[in-house]
Each structure stands twice: as C-alpha cells, then as structure tokens.
Amino acid sequence: MSAREGLPRLGDDPARTYRLGVMGGTFDPIHNGHLVAAEQVAGDLDLDVVLFMPAGSPAFKQDRPVSAAEDRFAMTLLATADNPVFEASRLEVERPGVTYTADTLEELRAAYPDNVELFFVTGADAIIDIVHWHDAARIASLATLVGVTRPGYDLERARRAIEASGLGFQVFYLEVPALAISSSYLRRRRAAGQSLRYLTPDSVVGYIEKRGLYGWEAVAGEAVGGQGRES
C-alpha cells in the first residue's frame with residue numbers, strides 16, 4: 001500500500017465540506033506541545049482529521065544531523081495512536097528527494113475532491129519565513145495556514161510578512177501555551193541524562209530509550225541554523 005493510499009478517507013458526502021489539518025514538521029522527537037497544539041486547532045477550527053506529516057528529508061535541515069525518518073515516523077505514530085482525530089502519514093517519508101511543503105499539499109489536493117479543505121498547521125515563527133519557502137505561491141493557493149504560537153509572541157511581524165508578500169495567504173493564528181516546549185529542548189535533556197516524562201507521551205519515551213536516540217554524540221554534532229521548515 002502506498003503512502004497516498006494510506007491517507008484518511010474524506011469527501012464521500014458531496015453535500016458537506018470536510019476539513020483536513022496537516023501538521024508538518026521534523027518531529028525529532030514529537031512532543032506534547034505538538035499534540036496540544038493539534039488538539040486545540042482541531043477543536044477551534046472544527047477539523048475532521050489532523051494528519052501528522054513527518055518530513056522525509058527536511059529542506060531546512062540539510063546541513064545538520066536528523067534522526068532517521070523511520071524513527072521519527074514511528075514516534076509520531078505512537079504519539080497519535082490514542083486520539084481518534086489524529087493520524088500519522090508516511091507521504092513525505094516515502095517521497096524521494098528533499099521534502100517541500102508545496103509538493104505535499106499538491107499531492108493531498110490531488111487525492112481529495114474539492115469539498116475537502118486543507119489547513120496547514122505550523123508555528124507562528126515559520127509563518128514569518130513561509131513567504132520565502134519553495135514555491136510559496138503554490139502553498140498559498142492550496143491551503144489555509146494556521147499559525148500556532150506561545151503566549152506573548154509578537155504576531156505583528158508575522159502579519160506584516162504575510163501582507164508584504166502579496167501572495168494571498170489566508171492565516172488563522174492560535175495561542176497555545178504548551179508550545180514553550182521544543183524538540184531541541186527534549187534532545188538536550190536526553191543528552192544530559194534527564195527525564196523526558198510529561199514532555200512527550202510515555203510510548204515515545206520508551207521508543208527513544210529502546211532505540212538509544214539523542215545521546216550526547218548526536219546532540220553535540222548538531223549544526224547551528226535558523227528555524228523554519230524549508231527554503
């Protein structure tokens with residue numbers, strides 16, 4: 001079965017509109033901030049499904065170590081398994097080459113009828129950069145953006161960047177307190193021998209320990225780079 005065949009089934013009833021949330025990221029590892037954000041977005045925007053989409057070969061991390069895509073997908077699958085609204089997709093993991101959001105949204109758009117709306121969920125920090133992502137105009141034409149942000153974040157920078165781009169992005173902004181957590185913070189804690197409990201689901205903690213992920217050597221070897229999903 002292909003990754004595309006494994007997508008959630010939506011759009012069967014032509015008399016109604018379906019809403020599919022797409023939560024992209026490296027998920028290295030996935031953590032409770034991602035899950036809380038997805039839960040809030042699903043409720044606030046009345047989404048039918050939130051599809052977690054681990055990047056296969058993240059464009060903006062080509063110059064630094066990233067855990068194997070299969071490990072990141074497995075952790076995502078474990079973390080989302082107990083929520084009936086969440087699903088994990090292999091679409092980007094199985095697509096060869098550098099992962100670009102525009103390509104993913106294009107595949108999703110082709111897989112569903114017009115009564116399925118796409119909502120791409122990302123951090124508000126990335127909203128500032130999204131106007132410079134690969135084929136940004138195509139992203140704007142394919143999906144509504146949802147910028148999730150921690151409390152106190154200055155959204156005006158993001159709004160100005162979107163407006164100045166002239167690309168016609170439609171954006172919802174949602175404040176999510178749990179986004180103070182980050183994957184890099186979890187990696188540093190793991191490398192220092194500190195507990196990850198209550199920061200990510202226990203199933204993910206167990207997987208990290210079993211696979212020996214995020215040891216000192218892996219974290220020490222990370223290159224310094226800017227935030228964002230791609231360029």
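All figures in this text were calculated on a predicted structure; none of them were measured in a lab.
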Inset, instruction - Indicate, with yes or no, if Ile128 and Leu167 share a hydrophobic cluster defined by side-chain heavy-atom contacts under 4.5 Å among Ile, Leu, Val, Met, Phe, Trp and Tyr. - result: yes

Legend entry - Nearest heavy atoms of Gly56 and Ala69, plus distance in Å: O-CB, 4.0 Å

Inset, instruction - Would you give the length of the straight line joining atom CG of Asn83 to atom CG of Leu35, rounded to the nearest 0.5 angstrom? - result: 8.5 Å

Inset, instruction - Assign the ring pair Phe120 / Trp133 to parallel, tilted or perpendicular, where the plane angle (0 to 90°) is split at 30° and 60°. - result: perpendicular

Inset, instruction - Scan for salt bridge (Lys or Arg N to Asp or Glu O under 4.0 Å) pairs involving residues 65-81, sequence neighbours excluded, and state none if there are none. - result: Glu70-Arg90, Asp71-Arg211

Legend entry - Minimal non-hydrogen separation, Val131 against Ala161, with atom names: CG1-O, 3.7 Å

Inset, instruction - Search all heavy atoms of Asn32 against all heavy atoms of Tyr198 and return the closest pair with its distance. - result: ND2-O, 3.1 Å

Inset, instruction - Report yes if some heavy atom in the side chain of Val176 is under 4.5 Å from a heavy atom in the side chain of His34; otherwise report no. - result: no

Inset, instruction - For the residue pair Leu174 and Val121, establish whether any side-chain heavy-atom pair is separated by less than 4.5 Å. - result: no

Inset, instruction - Measure the acute angle between the ring planes of Phe27 and Phe52, then classify it against the limits of 30° and 60° as parallel, tilted or perpendicular. - result: tilted

Legend entry - Val93 with Tyr207, same ILVMFWY side-chain cluster at under 4.5 Å: no

Inset, instruction - Determine, using the 4.5 Å side-chain heavy-atom cutoff (strictly less than), whether Phe73 and Leu186 are members of one ILVMFWY cluster. - result: no

Inset, instruction - Would you check if Met75 and Leu213 make a side-chain contact, meaning some heavy-atom pair closer than 4.5 Å? - result: yes

Inset, instruction - Kindly check if the number of other-residue, nucleotide or ligand heavy atoms within 6.0 Å of CD (Gln62) is above 12? - result: yes

Legend entry - Close side-chain approach of Val41 to Phe172, heavy-atom, < 4.5 Å: no

Inset, instruction - State yes or no: do Val49 and Leu77 share one hydrophobic cluster built from I, L, V, M, F, W and Y residues joined by side-chain heavy-atom distances below 4.5 Å, directly or via other members? - result: no

Legend entry - Exceeds 12 heavy-atom contacts within 6.0 angstrom, atom CZ of Arg16: yes

Inset, instruction - To the nearest 0.5 angstrom, please state how far the OG atom of Ser183 sits from the CZ atom of Arg188. - result: 10.5 Å

Inset, instruction - Please round to the nearest 0.5 Å and tell me the distance separating atom OG1 of Thr76 and atom CD1 of Ile30. - result: 4.5 Å

Inset, instruction - Could you tell me which non-hydrogen atom of Leu51 sits nearest to which non-hydrogen atom of Ala88, and how far apart they are? - result: CD1-C, 4.3 Å

Inset, instruction - Could you grab the distance from atom CG of Leu118 to atom CG of Leu105, nearest 0.5 Å is fine? - result: 6.5 Å

Inset, instruction - State, to 0.1 Å, how close Gly11 and Asn115 come at their nearest heavy-atom pair, and which atoms those are. - result: O-ND2, 3.4 Å

Inset, instruction - Check the hydrophobic clustering (I, L, V, M, F, W, Y; side-chain heavy atoms under 4.5 Å; chains of links allowed) and say if Tyr214 and Val66 are grouped together. - result: no

Legend entry - Exam field: side chain Thr149 to backbone Glu175, donor-acceptor pair closer than 3.5 Å: no

Inset, instruction - Would you verify whether the NZ or CZ of Arg138 falls within 45 degrees of the ring axis of Tyr100 while also being under 6.0 Å from that six-membered ring's centre? - result: no

Inset, instruction - May I ask you to check whether Asp13 and Tyr18 show a side-chain donor-acceptor distance below 3.5 Å? - result: no

Legend entry - Over all atoms of both residues, closest heavy-atom pair of Gly147 and Val171: N-CG1, 4.3 Å

Inset, instruction - Could I get the full list of salt bridge (Lys or Arg N to Asp or Glu O under 4.0 Å) partners for Arg19, not counting sequence neighbours? - result: Glu117

Inset, instruction - Would you mind checking if Glu156 and Arg159 are paired as a salt bridge, meaning a charged N to carboxylate O distance below 4.0 Å? - result: yes

Inset, instruction - Would you check if the side chain of Thr99 reaches a backbone N or O of Ser57 as a donor-acceptor pair within less than 3.5 Å? - result: yes

Inset, instruction - Hey, could you give me the CG/CG distance between Leu91 and Leu108, rounded to the nearest 0.5 Å? - result: 5.5 Å

Inset, instruction - Examine distances only and state if a side-chain atom of Arg187 and a backbone atom of Asp28 form a donor-acceptor pair shorter than 3.5 Å. - result: yes

Inset, instruction - Answer yes or no: does atom CD of Gln194 have more than 12 heavy-atom neighbours from other residues, nucleotides or ligands under 6.0 Å? - result: yes

Legend entry - Atom pair CG (Leu155) and CZ (Arg160), whose distance is rounded to the nearest 0.5 Å: 10.5 Å

Inset, instruction - Output yes when a side-chain donor or acceptor of Ser89 lies under 3.5 Å from a complementary backbone atom of Met53, and no otherwise. - result: no

Inset, instruction - May I ask you to test the Ile127-Phe169 pair for a side-chain heavy-atom distance under 4.5 Å? - result: no

Legend entry - Stepwise side chain to side chain contact (heavy atoms under 4.5 Å, CB included) test for Leu199 and Arg189: CA-CA 10 Å; Leu199 296 171; Arg189 285 185 63 86; 3.6 Å; yes

Legend entry - Pair Thr104-Arg95, side chain to side chain contact (heavy atoms under 4.5 Å, CB included): steps then yes or no: CA-CA 9 Å; Thr104 298; Arg95 189 170 66 229; 2.9 Å; yes

Inset, instruction - Ignoring hydrogens and angles, tell me if any N or O in the side chain of Arg197 forms a donor-acceptor pair with the backbone of Asp202 under 3.5 Å. - result: no

